[in-house]
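In what follows, a single structure is set out as structure tokens and then discussed.
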Amino acid sequence: MPVSAAVPVAPPASDQTASPAIAWRVALPLPLPKLFDYLPADGALPAAGDVGRRVRVAFGPRSLVGVVTAVGPAESDGLRSAEPLDPLPLLRGELLDSLHWLARYQHAPLGEVLATALPAALRRGEPLPETRTWGWQLTEAGRTALPGLRAGKPQRLAMQLDAGPRDEDALDDLAPGWRAAARALERRALAERIAMPASSTGPARPGPLPNDEQQAAMDAVEPAGGFAACLLDGVTGSGKTEVYLHAIAACLARGRQALVLVPEIGLTPQLLARFRARLGVPVHALHSGLNDNERARTWTAAWRGEARVVVGTRSAVFTPLPEAGLIVVDEEHDASYKQQDGLRYHARDFALVRGRALGVPVLLGSATPSLESLANAAEGRYRHLRLHRRAGEAQPPSVRVVDVRKRRLDAGLSPELLDTVRAALDAGGQVLVFKNRRGYAPVLLCHDCGWSAQCRRCDSASKGMAMTVHANGRRLQCHHCGARQPAPRACPDCGGLALQPQGVGTERLEEALLARFGDVPVLRIDRGSTRRRDALESMLGTLGDAPGILVGTQLLAKGHDLPNLTLVAVAGIDEGLFSADFRASEKLAQLLVQVAGRAGRAARRGEVLLQTHHPEHPLLQTLVRGGYHAFAEAELVQREAAGFPPFAHLALLRAEAKHAEPTAAFLQAAAAGFADAGVAVDVHGPLPAPMPRRAGYQRAQLLLSSPQRRALHTALDAVVPLLHAMPEARKVRWSLDVDPVDLY
Ligand code: ADP
Ligand code: ZN
Ligand code: ZN
């Protein structure tokens, strides 16, 4: 449970000459576990009500923005002064309490935690932004120029604005990718950004009549019932979003705010449009496509209580909710909820902490719940709400496993797969070909001497890391450190010309599918082809409902709803079957079920074809015969036997340096610290990281585990402050990951 920040009361005035000055205790964004005392620059007496205010201070040669976290007697004389940035506390109440909890739980400096919770613009000390709704309109010059504009995105946007000003939310729905076009028009003074008059977005539209299971789930989530964690465990297309919408509408009707977290890829214009139409109130989005001002504006609108519904990705979990009523976490199993650098928080877990502190329900939804959440549900800590069937007319897809051992493959594709694709296209459907490997081919090999292209800066446990072939064989790229170089024409070892890409990535699949199915569009969707946020949406927009092929990586496992997708062909997942990471099976099972779930979401029955060299693998057998829950049960048994989460609690201390010695010295000192702490936790290591060298850095780690969460944290409480003070710590980059999602 979060506890309040300690706020000592100022001593009576008569004592003031004898006792130390009353100071602001300020948390600064520094990797140091301490607070710093300052006096208000305006000469005011620090008061308890100042806690949570932003202040600007001089720190050596730097100017830093910190937050007042307590008021009390100064620990030394000769204090410097701090300039307050806001008249009121910015971080207050539940959010401030929860952030204190997070700092303790992550064993992270409070100043870093508070800085992480603020949007970048506010972290830099910019004033609280205006929060009116903004829109765009044509200028006089724009209206005059409109008939003569060259065809293109700016021209299309100008035509839309010709009907009158549009607010930015409406443009997100009407014209994905409009921002660049608007800026182009603005540069030529043809359009301008204006504050829109306040308006509601129209009447809320009713949804479909819920089926029995949906109704039971809706009844179980009581917005007025205080904190409860509910796991909405429903197959893809079972109508989970309808349950969210019902709960949000009930929350709004009680005059409360709702926060909805979704994975980055799930926050589509489609989803926002559905929410806006159904709820009839402005829906504020928070995602990586926004600039700093836009993010700060939404954060502030929530802080002021103006934003009633906020839909956002991971960092939206820090949204202030002065009138909270509900928190929803969609796709709660998604790995993107875990921050992988800096403050390594888990947004789902922090959402639960906040929900408890706020006294509001937290609804976790997924078709493939994390093993943690399933275990919590089994132990009665979460209400387990199941949706077994697809909603409406949609049927579950049929699944077929194709054994491709000894088959002749064309770019990794079996004749069965190609025939099934042809049949689906001929029937007018769309096809998704899934391969979890970006690039053209995973290896460039010399057939004369056996040389292969390796990254100079990375190593895996036993060997070098192959560089992936890109750009049709012309470029090499390391997917671990990002290094790029042109592919050699001749073998650097033997000078031979027999260099050949080995294996298949999405680029090569695209090439092979284009050669064979040239009569339909073939769209490749992976991080290489959709770097820009709107790229995916506009690619799918051009496809429409016409027959065509999407080929891609896990980016395709969710997001944009494709009603005409009738076949999902899984071209390769075999690499994932033999990974050493303890969470690899869970991730692979989730990925397969999510990708398969994209088939046949509308009236037409879907089909899933899975080709593999390992049809007998237990994971595939269990998944195909028993479904995700059978897999999860079997996997939980294995986790328990191996002493892994959710049956143990882990923390991973990572360290890296240019040379191996300082890393080893630091981790050995840390291991000794844990041994001395006298708390019963298992200390594994120091061991080399699964990738012992990345981007030229030597990497090692210390894994701590305990069946009791409390024991783990007692040990960390004792040792982490020592780590900060160790001389060995200054020679390495180190980080602590509490509840790591993987051990890399
Ligand atoms: P999920 O979030 O579980 O993937 P959705 O809520 O998006 O599922 O629902 C899938 C589809 O089924 C949507 O098109 C939705 O409008 C439709 N749907 C949901 N509930 C019902 C219902 N009770 N009756 C008819 N159609 C429904
Ligand atoms: Zn060679
Ligand atoms: Zn590399």
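For reference, positions follow the sequence shown, starting with 1. All ligand and atom numbering here is 1-based and tracks the order in the structure.
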- request: Step through the shown structure and confirm whether more than 12 heavy atoms of other residues, nucleotides or ligands are within 6.0 Å of NZ on K731.
  value: no
Check whether any side-chain N or O of [X] sits under 3.5 Å from a backbone N or O of [Y] as a donor-acceptor pair, and report yes or no.
X    : Y    : result
R693 : R456 : yes
R383 : A228 : no
E264 : H287 : no
Y337 : V329 : no
E213 : H388 : yes
Q430 : P547 : no

- prompt: Would you say T236 has any N or O atom under 3.5 Å from an N or O of ligand 1, going by distance alone?
  reply: no
query: Does an N or O anywhere in P208 fall below 3.5 Å from an N or O of ligand 1?
result: no
message: When you measure from the Zn ion (ligand 2) to the N, O or S atoms of C446, does any of those distances fall below 2.8 Å?
response: yes
query: Does at least one non-hydrogen atom of P210 fall below 4.0 angstrom from an atom of ligand 1?
result: yes
- prompt: Which one holds for N211 and ligand 1: side chain close, backbone close, both close, or neither close, with close meaning a heavy atom under 4.0 Å?
  reply: backbone
field: Identity of the nearest option to atom 7 (O) of ligand 1, non-hydrogen atoms only, from R274, Q214, K240
entry: R274
Look at [atom] and say which protein heavy atom is nearest, naming residue and atom and giving the distance to 0.1 Å.
atom                    : answer
atom 14 (O) of ligand 1 : D561 OD2, 4.9 Å
atom 10 (C) of ligand 1 : R601 NH2, 3.4 Å
atom 4 (O) of ligand 1  : G237 N, 3.0 Å
atom 2 (O) of ligand 1  : T241 OG1, 2.6 Å
atom 18 (N) of ligand 1 : A391 CB, 3.6 Å

message: Does this structure show an ion pair linking D330 with K240, if we count only N-O contacts that are shorter than 4.0 Å?
response: no
Exercise: do [X] and [Y] side chains pair donor with acceptor under 3.5 Å:
X    : Y    : answer
Q215 : H246 : no
D341 : Q339 : yes
E372 : N376 : no

- prompt: Counting no waters, how many protein N/O/S atoms sit under 2.8 Å from the Zn ion (ligand 3)?
  reply: 4
- prompt: Can you list the atoms of ligand 1 that are under 4.0 Å from a heavy atom of L209?
  reply: 22 (C), 23 (N), 24 (N)
task: Please could you name the atoms of ligand 1 that G239 approaches to less than 4.0 Å, counting only its heavy atoms?
output: 1 (P), 3 (O), 5 (P), 6 (O), 8 (O), 9 (O), 19 (C)
- prompt: Which of these passes side chain to side chain donor-acceptor pair (under 3.5 Å) with Y628: Q590, E633, Q594?
  reply: Q590
